[in-house]
Participant: 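Sharing a structure, written as structure tokens. Questions coming.
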Amino acid sequence: MSSSKNICPLCGGLKKNGTTTFTADMEDTLVVIRNVPATLCSLCGNEWLSDEVAANVERIVEEAKSIHRQVEVTRYRKVA
Ligand SMILES: [Zn+2]
């Protein structure tokens, strides 16, 4: 366990749990995913996604691309 785990490496501020909106702007598809669980810096606002969340976000983006949506606005959910 690292004691610097809850400290922002960019500004030294305190990280806190929250949610963010993830946006992926690709050539043919714009994907907006709301309510993504993230760790946020309370000072500079930088965001971190856990590996699990990032993998899920990627799957949601792939899904939106595969159905050829131009704009997909969705809420974060677990994708099996
Ligand atoms: Zn920070």
Side-chain angles (χ1 to χ4, degrees):
M1 281 271 276
S2 165
S3 60
S4 64
K5 197 174 170 246
N6 294 319
I7 300 296
C8 173
L10 303 176
C11 74
L14 201 63
K15 289 188 197 172
K16 59 178 169 45
N17 291 326
T19 58
T20 187
T21 300
F22 178 89
T23 309
D25 193 356
M26 290 157 294
E27 232 171 277
D28 301 318
T29 313
L30 171 69
V31 185
V32 179
I33 308 168
R34 309 181 78 170
N35 280 73
V36 179
T39 305
L40 312 158
C41 174
S42 54
L43 215 57
C44 72
N46 202 61
E47 303 163 352
W48 295 267
L49 302 183
S50 71
D51 288 348
E52 192 200 344
V53 170
N56 252 303
V57 162
E58 208 164 300
R59 283 187 209 113
I60 294 170
V61 169
E62 286 303 316
E63 215 175 75
K65 271 168 73 177
S66 71
I67 57 173
H68 303 290
R69 281 284 190 94
Q70 282 196 339
V71 180
E72 172 83 342
V73 181
T74 186
R75 285 170 76 89
Y76 177 80
R77 67 189 186 278
K78 293 230 175 192
V79 182

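Counting starts at 1 for both ligands and their atoms, following the listed order.
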Participant: Taking all heavy atoms of N35 and all of Y76, pick out the closest pair and write down the distance.
Facilitator: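 Minimum heavy-atom contact is O-CB, 3.3 Å.
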
Participant: Any chance CZ of R59 has more than 12 other-residue heavy atoms, nucleotides or ligands included, within less than 6.0 Å?
Facilitator: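 Yes, CZ of R59 has more than 12 neighbouring heavy atoms, counting only those of other groups under 6.0 Å.
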
Participant: Please determine if E52 and K78 form a salt bridge, counting it only when a charged side-chain N lies under 4.0 Å from a carboxylate O.
Facilitator: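 K78 and E52: salt-bridged.
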
Participant: Which count of protein N, O or S atoms is obtained for distances strictly below 2.8 Å from the Zn ion (ligand 1)?
Facilitator: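 Number of qualifying protein atoms: 4.
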
Participant: So, T21 side chain and R34 main chain: donor-acceptor pair closer than 3.5 Å or not?
Facilitator: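 Answer holds: no.
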
Participant: Would the distance check show the side chain of D25 and the main-chain N or O of L30 forming a donor-acceptor pair, the cut-off being under 3.5 Å?
Facilitator: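 Not at all, since once roles are kept as given, no pair shorter than 3.5 Å links the two residues.
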
Participant: Measure across A38 and T20 and return the closest heavy-atom pair with its distance rounded to 0.1 Å.
Facilitator: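 Scanning both residues, the minimum pair turns out to be CB-CG2, 3.7 Å.
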
